[in-house]
Amino acid sequence: MDYGLNIWGLNNFFINNDKVFLNYANEPSLIEIIKEIESMGYEGPILLRFVHLIKKQINTLYSSFNRAIKEFDYQGRFQAVFPLKVNQFPSFIEPLSKIAPKYNYGLEAGSKAELILAMAYNSISAPITVNGFKDKEMIRMCFIASKIGYNITVTIEGINELYSIIEIAKEFGECLVNIGIRIRLHTGGTGIWAKSGGIESKFGLSATEIIEALDIMKKSDIIHKLTMIHFHIGSQINNIAPLKKALREAGNIYADLIKLGAKKLTAINIGGGLAIEYSQQHTTRDKNYSITEFANDVVFLLKEITTKKHVKMPDIFTESGRFIAAPSTVLITPIIELFSSEYTKNALKLKESNPPLINELHDLYMSLNDTNYIEYFHDALDHLESLLTLFDLGYIDLIDRSNAEVLVHLIIKKVIIFASQKGFKHSELKRINERIQEKYLANFSIFQSLPDFWGLAQRFPVMPITHLNKAPTRSATIWDITCDSDGEIEFNKDNPLYLHDVDLEREEYYLGFFLVGAYQEILGMRHNLFTYPNEATIEFDDDGNYHISNLSSTQTLNDILIDLDYDIEDIHRRLKNLIDEANINNEEKKELLGQILIHLNDTVYLKKDTK
Ligand SMILES: *Cc1c(COP(=O)(O)O)cnc(C)c1O
């Protein structure tokens, strides 16, 4: 059982014997890294950021496009920028900014705060692109970036932004920035993020507006600043077909704009959307193309269209974010408790005289065998229904009801044994799996760490990082530690997750959530006041040994409350007053106050000894 690692794993990890290892350098296991971090006093969920995986994705992106450019004898260049909205955290952006110069990899900003980050962290010769809605202040900041020496392209989302640029250009004496036009395609995207493309899209200029913009630029004598057209059909493009349509549409707009006088138009920015395979099963793939096919299609189609229309082949810009960031980050969460509804025979409290249906259940249990097990299983479920009804009507008591539960579970267990001997084929077994789920309580918050699972039902690959030499036998539901019923990854019979039968009194069990480096951290919510997990950056030295840096702890209760703008002194005062007035002796008061202060300085996730 490899949890689909060969589907989503990108060769970044491998399983050997019982553990997951990094397929890099000296190949440490994930558990050994976690143990080392824990030994330094960190407990609870730990987010691991792997710098070599950021580098690998950047390299894959550039080498795929550069190979396609060579193969198709394409005349334009490939350029890429990282869209900051995908991950703005310093522990991601700082390593990225060290890798970027080698590729002349730039940054994309969609807000003023992101623009400041782009100005601070971009390599000076690499491009900056600016998208999203902009006021004059933001456009002024772009001009300043240009004064500093950046090659910056401001993509207009509407005609008004063009007027703002013209106004600011007067202030500065010339139009210092390159201008891009976001085009509104009639081609829509696909998948759950599809809203960024299409004729009803929130973004971009229609054909008529594009012509109008061109006229305005000609009149204001800034047409030589129009260098790029831009589109973005949505994130996680799962199907290559809409992208091809979008490329045809954009290619034709590009060629026609040049013919209409946009002589300096040299680039098509195809936005982001390059998908990541999150699926753990062959039958539910998230995308139907590879990066090779993606690059080939872009290069081939743009060559074909521009050749046909006799214009220069454009430079190709991409703003892929998810593809670059997702694989770099893994969240490891300890399982702190198992909630099973599994009973042994000892739990049976049969009476001298039992209700007839209980006796029948008992007979079913005793005489179940490998030929009648499906039939008896159905009978058992029927009897259970009837017994629960009898309980509601007051005909049987709580002891009878408990006996019914125990007997049905004992029957199901026997059924599983017979069924597994027959290869688990019967479709009824899906139903059984649903009935005997084990609930694994994981020390993390889905709202904080997997917000797209909560909001968009986006699945992330999950697997245990140890125990892999044993067969996982439990159909698993994962509970997080929030008290929200949405904080749950339910067992999905079409997409089952099986985990191991573990005794947490004697062994530890950790789950890894993979591919969580894109969007999740900044979208994460402080629901129930669980804030960000512990975090560590993992880098390798020239000898292949890993090093842990940027260790940061999850927040203390004090800090969480301060972040909510509470006056923490006031909270301390209130608690102290309550203790002062409590009906206990002074010794106890001192002791209690001391304990509360310790708790306030401690972190929010659960501790092992609270089991
Ligand atoms: C969000 C966004 C991106 C990044 O999309 P990914 O799917 O993460 O590659 C790129 N460009 C624009 C304009 C965006 O809004």
Side-chain angles (χ1 to χ4, degrees), residues 2-3 5 8-57 87 89-92 94-96 98-99 325-336 440 442-444 448-450 460-470 478 499-500 502 504 507-518 520-521 532-554 603 605-608:
D2 74 348
Y3 292 91
L5 191 56
W8 56 265
L10 298 165
N11 269 325
N12 294 337
F13 306 94
F14 66 93
I15 296 169
N16 186 19
N17 194 17
D18 58 332
K19 300 187 189 72
V20 179
F21 293 84
L22 270 173
N23 187 17
Y24 190 72
N26 289 352
E27 304 180 344
S29 64
L30 289 177
I31 190 70
E32 101 187 60
I33 298 173
I34 290 298
K35 284 285 141 199
E36 187 173 340
I37 293 170
E38 285 186 350
S39 75
M40 293 184 265
Y42 296 83
E43 242 189 277
I46 301 176
L47 198 69
L48 298 177
R49 182 115 49 212
F50 295 104
V51 173
H52 71 281
L53 294 179
I54 304 175
K55 197 184 285 176
K56 181 185 168 195
Q57 291 304 101
N87 195 325
F89 284 87
S91 57
F92 183 84
E94 282 167 7
L96 181 131
K98 289 193 193 121
I99 300 161
S328 65
T329 310
V330 181
L331 180 77
I332 311 280
T333 70
I335 295 297
I336 45 180
Y440 289 74
N443 199 359
F444 83 128
Q448 172 61 224
S449 293
L450 303 176
F460 293 88
V462 52
M463 69 183 289
I465 60 169
T466 58
H467 290 72
L468 294 163
N469 53 349
K470 300 197 189 96
I478 299 168
L499 295 176
H500 295 88
V502 285
L504 293 173
E507 55 191 327
E508 293 179 308
Y509 196 58
Y510 293 84
L511 293 184
F513 290 91
F514 293 79
L515 304 174
V516 298
Q520 302 316 295
E521 284 154 74
Y532 48 79
N534 300 298
E535 196 184 315
T537 299
I538 312 298
E539 275 180 283
F540 289 85
D541 63 22
D542 292 340
D543 296 329
N545 297 314
Y546 73 85
H547 293 273
I548 298 169
S549 60
N550 279 330
L551 260 172
S552 77
S553 165
T554 169
T603 55
Y605 287 95
L606 299 186
K607 296 281 165 60
K608 273 183 198 127

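None of these values were measured; they are calculated from a predicted model.
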Side-chain donor-acceptor pairs under 3.5 Å in residues 17-24, sequence neighbours left out?
from: N23; atom 1: ND2; to: N11; atom 2: O; distance (Å): 2.8

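- Evaluation of the side chain to side chain contact (heavy atoms under 4.5 Å, CB included) rule for T333 yields P45, L331, A442, F444, L511, F513 as partners, not counting sequence neighbours.
- Taking OG of S29 as the start and CG of N16 as the end, the distance is 10.0 Å to the nearest 0.5 Å.
- Checking R49 against T537 by side-chain atom types alone, no donor-acceptor pair falls below 3.5 Å.
- For F514, the ring-ring contact (aromatic ring centres under 6.0 Å, His included) partners two or more places apart in sequence, or in a different chain, are W8, F13.
- If you take CD1 on I46 and OG on S553, they are separated by 10.0 Å, rounding to the nearest 0.5 Å.
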- What do the steps show when you test I33 against F50 for side chain to side chain contact (heavy atoms under 4.5 Å, CB included), and what is the final call? CA-CA 12 Å; I33 298 173; F50 295 104; 4.2 Å; yes
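- Every residue meeting the side chain to side chain contact (heavy atoms under 4.5 Å, CB included) condition with K56, not counting sequence neighbours, appears here in chain and number order: L10, N12, L53, T60.
- For the pair V516 and L450, the minimum side-chain heavy-atom distance is below 4.5 Å.
- Legend: residues meeting salt bridge (Lys or Arg N to Asp or Glu O under 4.0 Å) with E508, ordered by chain and number and at least two apart, are K35, K608.
- Of all the heavy atoms in Y605 and P533, the pair that sits closest is CE1-CA, 4.2 Å.
- Here salt bridge (Lys or Arg N to Asp or Glu O under 4.0 Å) pairs that include residues 539-551, with residues two or more places apart or in two chains, number zero.
- For P95 against P90, the heavy-atom pair with the smallest separation is CD-O, 3.7 Å.
- Atom CG in L96 sits 6.5 Å away from atom CD1 in I54 (nearest 0.5 Å).
- Applying the side chain to side chain contact (heavy atoms under 4.5 Å, CB included) rule to D2 yields the partners L5, N6, I15; only residues at least two apart in sequence or on another chain are considered.
- A donor-acceptor pair is defined here as one N or O able to donate and one able to accept, closer than 3.5 Å; no such pair exists between the side chain of Y42 and the backbone of E535.
- Here the straight-line distance linking atom CG of L515 with atom OG of S328 works out to 9.5 Å at 0.5 Å rounding.
- In this structure, Y510 OH and I332 CD1 are separated by 9.5 Å, a value rounded to the nearest 0.5 Å.
- The structure places OG1 of T466 at 13.5 Å from CD of E32, a figure rounded to the nearest 0.5 Å.
- In this structure, L48 and I37 have side chains that are in contact, with non-hydrogen atoms separated by less than 4.5 Å.
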For a side chain to side chain contact (heavy atoms under 4.5 Å, CB included) check, start with the C-alpha distance between V462 and Y3, then their side-chain angles and the critical distance, and finish with the verdict. CA-CA 8 Å; V462 52; Y3 292 91; over 6 Å; no
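- Formation of a donor-acceptor pair under 3.5 Å by the H500 side chain with backbone atoms of H467 is found in this model.
- Considering only residues two or more places apart in sequence or on other chains, T554 meets the side-chain hydrogen bond (donor to acceptor under 3.5 Å, both in side chains) condition with none of them.
- Residues passing the side-chain hydrogen bond (donor to acceptor under 3.5 Å, both in side chains) test with N87 are E521, sequence neighbours excluded.
- Under the side-chain hydrogen bond (donor to acceptor under 3.5 Å, both in side chains) criterion, Y532 pairs with no residue at all, not counting sequence neighbours.
- A side-chain donor-acceptor contact under 3.5 Å links Q520 to the backbone of A518.
- Under the rule for a side-chain hydrogen bond (donor to acceptor under 3.5 Å, both in side chains), Q57 has no partner lying at least two apart in sequence or in another chain.
- For the residue pair I548 and M40, the shortest heavy atom distance occurs at CD1-CE, 3.9 Å.
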